[in-house]
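Chain naming here is simple, since letters A, B, ... match the order of the sequence lines and numbering starts at 1 in each.
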Protein chains: 2
Amino acid sequence: MSRIQHEKFRSKVMSADEAATFIEHGDNVGFSGFTGAGYPKLIPGALATRIRAAHEEGKDFQIGCWTGASTAPELDATLAEVDGISYRMPYQSDPVMRSKINAGLSDYNDIHLSHSGPLVRAEVLAPLDVAVIEVAGINADGEGIPSSSVGNNVIYLEKASKIILEVNSWQSLDLLGMHDLYYGFALPPDRREVDILAPGDRVGQTTYRIDASKVVAVVETDLPDRNSPFKPADAISEAIAQHYLDFLANEVKHDRLPKNLLPLQSGVGNVANAVLAGLQAGPFSDLTSYTEVIQDGMVDLIDSGKLTVASATAFSLSPEYAERMNDEAKKYRKNIILRPQELSNHPEMIRRLGVLACNGMIEADIYGNVNSTHIMGSRLQNGIGGSADFTRNAYISAFVTPSVAKGGAISAIVPMVSHHDHTEHDVQVLITEQGLADLRTLAPRKRAKLIIENCAHPDYRPALLDYFERAQKTANGQHTPHNLGEALSWHVRFLADGTMKS
Amino acid sequence: MSRIQHEKFRSKVMSADEAATFIEHGDNVGFSGFTGAGYPKLIPGALATRIRAAHEEGKDFQIGCWTGASTAPELDATLAEVDGISYRMPYQSDPVMRSKINAGLSDYNDIHLSHSGPLVRAEVLAPLDVAVIEVAGINADGEGIPSSSVGNNVIYLEKASKIILEVNSWQSLDLLGMHDLYYGFALPPDRREVDILAPGDRVGQTTYRIDASKVVAVVETDLPDRNSPFKPADAISEAIAQHYLDFLANEVKHDRLPKNLLPLQSGVGNVANAVLAGLQAGPFSDLTSYTEVIQDGMVDLIDSGKLTVASATAFSLSPEYAERMNDEAKKYRKNIILRPQELSNHPEMIRRLGVLACNGMIEADIYGNVNSTHIMGSRLQNGIGGSADFTRNAYISAFVTPSVAKGGAISAIVPMVSHHDHTEHDVQVLITEQGLADLRTLAPRKRAKLIIENCAHPDYRPALLDYFERAQKTANGQHTPHNLGEALSWHVRFLADGTMKS
């Protein structure tokens, strides 16, 4: 049976090359896609071909590229390779895209994921010329059946002047019913409360509203999401995860957390996977999750009955798990909810539900400031993503990293971070494989002692203590004593010598 | 008629000296007080006498001092002078208290005002041994009639083991009915939505619940709040205010704001007063405010009919206006609502209502990071207060400062701020008397050009441009180009030479 059940949409079916001709130089284009899930598979490539041809003719052709978050090489890399992106928001993690940003060839507006949709709704980010959105199908009412991510699709479909759809038959039609597409957002003074009181509550509908009169093209594909294979946890990730789980168990013991914890949020990656594996083996049950992405480990926790609800905005599964999700979506849609990122990352719900946030970082300093985005102050790594949406409003906010990088040449604990994404006022718990520092309630100098002793690698502890002691002797104030002439010298040394060690 | 209408409370009336004996060394004490309003007038002095006597006998005597925010000399200075405070949270602005913190003699936990109450409720900050709360009276049901600030009083009364009340007959009994004391906060997973959909909505009751069995002392006083006289706006404040008002008018013109704007929030001080004076003279009407404190200018706006509702947690009035408020509280309580700071600064309402935030700062850097708390990186000025509660969740977030300080020796725009309180991801508008930079949607290098051109003092523009251009030549990435060896050199120079000029 055709995935396109509505005549108005069927009549717009064309090739990706034809569809790409609706996108012009200077357009702002809102693409679906969040992590490697639910991004359009064909249009970006066809558009890149069109851009390359224009450039070969000496013509300007660049677009503003808006998404949910990171996508896959077929979108970010393909368009960045032909220098087709003048402006990127709100998040990326692609090596080619990143290199263009760091070369100064593309502007990147690195904003909180929960802020991107509202800025489009308020037309501060405007105009949105074209939305290019993947769907699993079009139903008989002309509504879109969502695929493996939601991201900013609702607002992009609403605000775009033109809509191009990619109907992807690789995506399971059984995903229908899993999504919670909220249409209640308004601009103030008409904004209302969102009635999500528990991670499993639903406030929206299951299909996208699409104004058929704006649809200029429909493209069919059956290409799979490009997700990354699952990496088995290493010893360092396992040690970090264990410190975190021990901390949570201690909070439960002291009646500061319920026995089944509170809704879990975690970033993507090795440590997050190790935490999920630790939860699988550990004592907690009746767990819930209110987070950005569903990883393999969460699927395992659902299978074992330990996790009852996982709310997110996208899947971020290994190819094996993605196939399984497609096969068994009907079963999992009882436990999994995919929502717009305005909901998954909404400060109102994160604070109300009391989310336990755990995110990766690049470095922290002795006073508890965290750098999530920059290598040595200037060079963008990925972006802030949703880390601050959760950190700032969470019940407990933790950050994790191995204590050293580059074979020990870089310390993840430094005198002063080279870029600030989460300030000392927001960071409550720091964890490395060395240990955990619970900073809640502590003044800066107390934090410094704890972070150096518990989290820094032993190779760097003496130098950190030395800095901290000398800073106290010379600083103009003892609240947060720094020696400003030396505070960033570790990074300067690394840039010059390739190591932070002196 | 007695202000104490309940026998259980009348039987506990005693002198402040007697009441202070209920406070012991090592106690955590939750005081009422927010700006110079509603703090206890007598107990802190009596306690200080007790502490001094103990110290003279060679005994340890220090307390943890928790409040709503800043207080007045009778509380912070009096206790700090005798080295009576080992730990202070969540905000202060007192010269003596500040000097003890900067001398390393008192620990200061400088956290978001909206986070202090929840941390006490969750018993992360615990135990709370004594609450010392000012009220205007005790009614016949044994409930407390609130005075001129609310702050954290609700949670302190709930969590404290012992309660000491100061019944202050200087405070008007006509304040009864002005307050919105919310008792609906719970810990997750039992937290619920807060049904405030407009600044004038009420969700609480007008009097404090007080467990009479915990009340160990009641002290009577008639001393006035210690508020600061109103300073007439200077030309620089007026210029800053005008840039902000022009910006808001332009947003209205482009349909990005309603004609009556959105609820206003502003910090305390000269610029805030100038903005309020500008609104008095300007074209906007039917204004509302959802903020922390009610200043003189808001009372004027209510008088002129331009402001219909002002919601806050405290008054911060000049002595003249405070007397007037006492005389006419019955009239003003139709337009003014005082709530717990958990409500006035709550991310849920600030985001929902679309608050327009405007806060002072110490310095900003060329990429839009803001320092609100530290002088030259180490020395505490006051604290972050509620600035980030509003900034982070506001509809538009602005920061204001004169472009230079100390007669031109300090530039408020620097290559890199010496302390980060609001990151580049959160700061949308920067304003000095030189002009305004609208940073929304801009990538870092675009922001830098605009901030240097529009906001920096002309004396510092060439040096800022020089830094920015050279940083781009040598940085390891062009996203946020910095020369880390030089980024903090302006502050280092000031500490050495007394000027940022080279």
Side-chain angles (χ1 to χ4, degrees), chain A residues 101-104 107-112 122-125 188-189 191-193 195 197-198 256 258 262 347-348 351-354 369 374-380 384 388 392-393 395 418-421 423 425 440-443 446 475-482 484-485 487-488 491-492 495, chain B residues 101-104 107-112 122-125 188-189 191-193 195 197-198 256 258 262 347-348 351-354 369 374-380 384 388 392-393 395 418-421 423 425 440-443 446 475-482 484-485 487-488 491-492 495:
Chain A
I101 293 166
N102 282 316
D107 278 354
Y108 178 44
N109 187 20
D110 179 18
I111 51 171
H112 309 297
E123 297 187 13
V124 172
L125 277 163
R191 275 192 193 148
R192 290 295 171 260
E193 75 281 19
D195 286 328
L197 302 179
R256 288 191 296 262
L262 287 166
E348 179 175 334
R351 175 126 164 188
R352 182 184 303 147
L353 299 176
N369 298 283
H374 282 66
I375 306 294
M376 307 296 145
S378 306
R379 187 170 186 79
L380 177 80
I384 194 162
R392 187 51 194 288
N393 297 295
Y395 199 66
S418 62
H419 188 271
H420 289 66
D421 296 294
T423 75
H425 313 284
R440 296 175 299 173
T441 80
L442 297 184
K446 294 276 199 314
N476 67 322
Q478 294 299 309
H479 181 55
T480 315
H482 264 304
L484 295 183
L488 297 170
H491 303 88
V492 173
L495 287 169
Chain B
I101 293 166
N102 281 315
D107 278 354
Y108 178 43
N109 187 18
D110 180 18
I111 52 171
H112 309 297
E123 298 187 12
V124 171
L125 276 163
R191 276 193 192 146
R192 290 295 171 259
E193 74 282 18
D195 286 328
L197 302 178
R256 288 190 295 261
L262 287 167
E348 179 175 334
R351 174 126 166 191
R352 182 185 303 149
L353 299 175
N369 300 282
H374 282 66
I375 307 293
M376 306 297 145
S378 305
R379 186 170 187 80
L380 177 80
I384 193 162
R392 186 51 194 288
N393 296 295
Y395 200 66
S418 62
H419 188 270
H420 290 66
D421 295 295
T423 76
H425 313 284
R440 295 174 300 173
T441 81
L442 299 184
K446 294 277 199 315
N476 67 323
Q478 295 298 309
H479 181 55
T480 314
H482 264 303
L484 294 184
L488 297 170
H491 304 86
V492 172
L495 287 170

Review point. Is chain A contacted by the side chain of L484(B), its backbone, both, or neither, given a heavy-atom distance below 4.5 Å?
Key: both
Check your understanding: Looking only at heavy atoms, which two atoms of L197(B) and R192(A) are closest? And how far apart?
Key -> CD1-CD, 3.7 Å
Exercise for review: Name the region of L262(B), side chain, backbone, both or neither, that has any atom closer than 4.5 Å to a heavy atom of chain A.
Suggested key: side chain
Check your understanding: For chain A, which of S418(B), A122(B), A443(B), P189(B) has the most heavy-atom pairs under 4.5 Å?
Key -> A443(B)
Exercise for review: Output yes when E348(A) and R352(B) qualify as a salt bridge under the 4.0 Å nitrogen-oxygen rule, no when they do not.
Suggested key: yes
Review point. Distance from K446(B) atom NZ to N109(A) atom CG, nearest 0.5 Å?
Key: 11.0 Å
Revision key, fill the gap. Chain A shares the most heavy-atom pairs under 4.5 Å, among P188(B), S378(B), G477(B), A487(B), with S378(B)
Exercise for review: Please flag which part of P481(B) lies under 4.5 Å from any non-hydrogen atom of chain A: side chain, backbone, both or neither.
Suggested key: backbone
Point to revise | Contact winner vs chain B - I384(A), L353(A), I111(A), heavy-atom pairs under 4.5 Å | key: I384(A)
Point to revise | Top contributor to chain B interface from L380(A), D110(A), L125(A) [non-hydrogen pairs under 4.5 Å] | key: D110(A)
Check your understanding: So which heavy atom on R256(B) is nearest to which on V124(A), and how close?
Key -> CD-CG2, 4.1 Å
Revision key, fill the gap. Max heavy-atom pairs within cutoff under 4.5 Å with chain A, candidates R379(B), M376(B), H482(B), R440(B), goes to R379(B)
Practice item. Describe, in one word, how the ring planes of H479(A) and Y108(B) are oriented to each other, choosing from parallel (under 30°), tilted (30 to 60°) and perpendicular (over 60°). Key: tilted
Review point. So which part of E193(B) gets closer than 4.5 Å to some heavy atom of chain A, the side chain, the backbone, both or neither?
Key: both
Review point. Among G104(B), G354(B), P258(B), who wins on heavy-atom pairs under 4.5 Å with chain A?
Key: G104(B)
Practice item. Mind listing the closest non-hydrogen atom pair of H425(B) and D421(A) along with its distance? Key: NE2-OD1, 2.5 Å
Check your understanding: Which bit of N393(B) comes within less than 4.5 Å of chain A, counting heavy atoms only: side chain, backbone, both or neither?
Key -> side chain
Revision key, fill the gap. So, the part of A103(B) with a heavy atom under 4.5 Å from chain A: the answer is backbone
Practice item. Sort H374(B) into side chain, backbone, both or neither according to what part of it lies under 4.5 angstrom from a heavy atom of chain A. Key: side chain
Exercise for review: For chain B, find which of L488(A), T441(A), D107(A), V492(A) contributes the most heavy-atom pairs closer than 4.5 angstrom.
Suggested key: T441(A)
Practice item. Give the member of G485(B), A475(B), A198(B), G377(B) that has the highest number of heavy-atom pairs under 4.5 Å with chain A. Key: G377(B)
**Study point:** Side chain / backbone / both / neither for R351(B) at chain A, heavy atoms under 4.5 Å
**Key:** both
Check your understanding: Heavy-atom distance under 4.5 Å to chain B: side chain of A388(A), backbone, both or neither?
Key -> both
Review point. Looking at L442(B), N476(B), I101(B), which makes the most heavy-atom pairs under 4.5 Å with chain A?
Key: N476(B)
Exercise for review: Scan side-chain atoms only and decide if T480(B) and H419(A) contain a donor-acceptor pair under the 3.5 Å cut-off.
Suggested key: no
